[in-house]
Amino acid sequence: MALPKISILGAGQVGATTAHLLALKGLGDVTLIDVVEGLAQGKALDLMQSAPIEAFPVQVCGTTDYDAMADSRLVIITAGLARKPGMSREDLLAANANIVGPIAQRLAAVAPEAVVIVVTNPLDLMVALTLQRSGFPRSRVMGMAGVLDSARLRSFIAMRLAVAPSDVQAMVLGSHGDLMVPLRGSITVKGKPLTTWLRSEEIDQLLQRTKEGGAEIVALLKQGSAFYAPASGVCEMAGAVLRNTHAVVPVCAALQGEYGLREVCIGVPAQLGAAGIERIVELPLTPEERAALQAAARQLSDSFT
Ligand code: A3D
């Protein structure tokens, strides 16, 4: 059976690491596309030379040509600038809108049936832009951030309690940034509420570290931002779409009334399958969580107008 075609825009840190993981998982044939001549071609060739050792069955190729996205089942947009120390994600808005907008327009022309996962920051605004420029239904455009923010929180809790990360369950909604909304009351470790493991002040500290999780890595790296965990987040979403798993994961999606919000792209739990977003899952939120989600939505609406 032919493997699905996956195109990745941007062969930088996140794009190339995502290509590597997708190949290792055998999720599809990968086309890497980057504006820098030779970059995508070189990384694709390097990845193909790992195939005899890793025994993955997929093809990876690289190009500068956007039209190579043609007939993709899945398009992943990582093209754009990454943060430097001291920069907020919003500082990237103008530059990255000029990169993502034309990509969204082109992909609508050459890959009109694709499901799109956006990674470029500022994430929630780039999802809204991709939706607008592609003209795609909201079911086929989503952003990766909640999976990453949730994984960061789970890893911090696992490190603090010295338990397996897979024993920690947590979900982070809202905007990818200061206005993320961790569902504090529903965090569990080995099935028991986090409040039975840690004092409230310690939980506050872990939540704050999660909010600053991206900046912590930017400050350490001094150039560029995180890419291993972001690429894992993208692959989790890609796997749910390509393998039609119906898994529920937090994604940035356009809301039309869910959670009482409209005309905004923001992080919420969604069930993913072959068609993209199959449904947005409305979890019961506490009044504080609902207010935090609304505040994040207000700020995003202000930024986009
Ligand atoms: P980087 O390693 O700089 O790669 C970006 C690539 O995009 C570079 O190779 C560029 O040459 C390429 N590029 C630039 N313009 C174009 C264009 N017009 N067409 C095709 N390719 C182009 O950055 P990165 O991979 O570390 O990060 C990529 C983006 O993802 C940035 O905006 C990051 O802020 C964002 N990011 C988001 C998350 C989220 O959780 C949402 C996590 C990590 C990174």
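Just so you know, ligand 1 is whichever comes first in the structure, and atom 1 is the first atom listed for that ligand. These numbers were taken from a predicted model, which means no experiment stands behind them.
Legend: side-chain hydrogen bond (donor to acceptor under 3.5 Å, both in side chains) pairs involving residues 149-162, not counting sequence neighbours, sorted by first then second residue: D149-H176, R160-E202. Under the side-chain hydrogen bond (donor to acceptor under 3.5 Å, both in side chains) criterion, the residue pairs touching residues 115-124 are D124-S175, with sequence neighbours excluded.
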Given the rule in the side-chain contact (heavy atoms from CB on, under 4.5 Å) test, do R262 and L255 qualify, once you have shown the distances and angles that lead to the verdict? CA-CA 5 Å; R262 282 190 178 278; L255 300 189; over 6 Å; no
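Nearest heavy-atom pair across G185 and E289 is N-OE2, 4.0 Å.
For ligand 1, the 4.0 Å heavy-atom shell contains residues G10, G12, Q13, V14, D34, V35, V36, L39, Y66, T78, A79, G80, L81, A82, L92, N96, I99, V119, T120, N121, L123, M144, L148, H176, A226, P230.
Residues meeting the side-chain hydrogen bond (donor to acceptor under 3.5 Å, both in side chains) test with D167, sequence neighbours left out: none.
In terms of hydrophobic clustering, with Ile, Leu, Val, Met, Phe, Trp and Tyr side chains grouped at heavy-atom distances under 4.5 Å, L93 and L179 are assigned to different clusters.
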